[in-house]
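Okay, structure first, notes after.
We're numbering straight along the sequence, starting at 1. When a ligand or atom number is given, it counts from 1 through the structure's own listing order.
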Amino acid sequence: MRALHWQRKIYLDGFAGKIPAIPANSIQLEQAAVRKMTPEATAYILGGAGNEQTVVDNRQGFEHWQIVPRMLRNVENPDLRIELLGQQLPSPLLLAPIGVLEMAHPLADLAVARAAVTTGVPYIFSNQASVSMEACSAVMGEQMRLFQLYWSRSRDLVTSFVNRAEACGCRAIVLTLDTTMLGWRTQDLALGHLPFLHGKGLAQYTSDPVFQQLLDDFLQQPPTARPSVTATTLRHLIGAVRRYPTGSFLKNLRSGRAMGAISLFSGIYSNPALTWVDLAFLREQTSLPILLKGILHPDDARKAVDYGMNGVIVSTHGGRQVDGSISAIEALPGVVAAVNGQLPILLDSGIRGGADVIKALALGAKAVCLGRPYVYGLALGGQEGVETVIRNLLADLELTLGLSGYKSLAELNPDCLRPV
Ligand code: FNR
């Protein structure tokens, strides 16, 4: 839908007394979602690492650049189309991989997958999804999807995830590099709450044949340390067993399968020993393009080229991993210079409005990924909430592009901006 139609619809609805349920302003959107979500969901979704300075800097970094609008240049119907990985896309927007969406809404990834279809925006499935990639793909038809991989300690599991991603029509593997360990997430720590321990965000694992085989082996071993048994432990245990997707509650409780899956996941999901050399293994497993997510240093960007990768995503993981790290938008020019046009560069972390997208593209990104805002839309209104957040952002982008004097994204370059 073109920006002016969407804008007019909102005003006409308002004229008829219908005020939007999903705020157009990103700060108000976040505040509305916080009012709706549980304290645990709020901590997990909003929270960053440490003192959350990088969460702040991801936003402030955009303020170091200003658009200098141009006039009288015929900007009717600005063109938002781009080409990425050989695909024509209607806009430079993708949905970032976000885990444990069941904390925001019961339909979780499925609602997002459907919203991706109705808005024509590609969706990067999370390795920590609440709904399996097969179930999401089944509602997406031809709509572009990608799979985000966390490289676990089991290479067989890595291979299995990648094979499944290929089989269900994903167009690329997004390998997230910045989470070889979980960051020091102070809001989650304050509540002593980690969703995975409650069996949330494990759908890609519990639906995987290799993981199930690993679980069979794991359950043969003597159990390791268990938390002390209190009424709360029992309540959480029952919740986790209920969440296990297959088999009866009693069978899963008695066999220890549900809790075993959580323990096994905790032991293998990440692999801090990974190095650049390991990428050759992934390359052998798939013919899909591989994008590296979490690149911030120009030297790493150059290595991505040297190691035959197909793209990079400049990202701080939304400030959730290294507190005090450079913000994504400030890292972008260095990465762009290092890559020198040899790979497409995407950016996430702090995209909250059309102007942010314009600044990222003017500085050399090909596309951007939207993160937390669509989760706020999901929390507030399920599929429709996600659709509204996406439509708002695209309308804002189209209008801001045209009002800045550009008829297409291809016209953007660093001279469109002024450093502050
Ligand atoms: C994430 N992100 C993330 N990244 C990833 O590669 N795999 C994942 O499973 C997740 N999960 C996840 C959960 C939550 C609650 C958040 C907020 C983020 C990071 C995500 O893809 C993206 O990099 C950030 O969300 C970008 O920052 P902003 O713009 O959302 O602040």
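Looking only at distances, no side-chain donor or acceptor of S160 sits under 3.5 Å from a matching main-chain atom of D156. No side-chain donor-acceptor contact under 3.5 Å links D348 to the backbone of S315. Of the possible donor and acceptor atoms, one in the side chain of E52 sits under 3.5 Å from a partner among the backbone N and O of G48. Side chain of T54 to main chain of V322: a donor-acceptor pair is present (N/O by atom type, distance under 3.5 Å, no hydrogens or angles).
Relative to the ring axis of Y244, R257 does not place its NZ or CZ within 45° and under 6.0 Å from the centre. Taking the centre and axis of the six-membered ring of Y44, the NZ or CZ atom of R320 falls inside the cone set by 45° and 6.0 Å.
With hydrogens and angles left out, the side-chain atoms of T233 and T230 include a donor and acceptor closer than 3.5 Å. No side-chain N or O of S132 forms a donor-acceptor pair with one of R164 less than 3.5 Å apart.
Near G371, with a cut-off below 4.0 Å to any heavy atom, the atoms of ligand 1 are 25 (O), 30 (O). In the vicinity of K293, heavy-atom distances shorter than 4.0 Å reach the ligand 1 atoms 4 (N), 5 (C), 6 (O), 19 (C), 20 (C), 21 (O), 22 (C), 23 (O). Each of the following atoms of ligand 1 lies closer than 4.0 Å to a heavy atom of G350: 28 (P), 29 (O), 31 (O). Atoms of ligand 1 lying under 4.0 Å from at least one heavy atom of A96, given by number and element, are 21 (O).
Residue S126 touches ligand 1 through its side chain alone, judged by heavy-atom distances below 4.0 Å. Residue contacts with ligand 1, taken as heavy atom pairs separated by less than 4.0 Å, involve H317 via backbone and side-chain atoms alike. In S315, the part holding a heavy atom less than 4.0 Å from any atom of ligand 1 is the side chain. Within the 4.0 Å heavy-atom criterion, both parts of Y44, backbone and side chain, lie near ligand 1.
Using a 4.0 Å cut-off between a side-chain N of Lys or Arg and a carboxylate O of Asp or Glu, K303 and D299 do not qualify as a salt bridge.
N58 does not count as a contact of ligand 1, since none of its heavy atoms falls under 4.0 Å from the ligand. Residue contact check for ligand 1: M103 places no non-hydrogen atom closer than 4.0 Å to it. The closest approach between any non-hydrogen atom of I45 and ligand 1 is below 4.0 Å.
Looking at atom 15 (C) of ligand 1, its nearest protein heavy atom turns out to be R320 NH2, 3.5 Å. Among protein heavy atoms, atom 21 (O) of ligand 1 sits closest to P97 O, 2.7 Å. Distance from atom 27 (O) of ligand 1 to its nearest protein heavy atom, with residue and atom name: G318 CA, 3.1 Å. Residue, atom and distance of the protein heavy atom nearest to atom 8 (C) of ligand 1 are Y150 OH, 3.3 Å. In this structure, the protein non-hydrogen atom closest to atom 30 (O) of ligand 1 is R372 N, 2.7 Å. What sits closest to atom 11 (N) of ligand 1 on the protein, heavy atoms only, is G99 N, 3.0 Å.
The ring-ring contact (aromatic ring centres under 6.0 Å, His included) test with Y205 is passed by exactly one of F161, Y269, F218: F161.
Annotation for Q88: atom CD counts as buried by contact number, over 12 foreign heavy atoms lying within 6.0 Å.
For atom 25 (O) of ligand 1, the nearest non-hydrogen atom from the set N127, D348, I98, T176 comes from I98.
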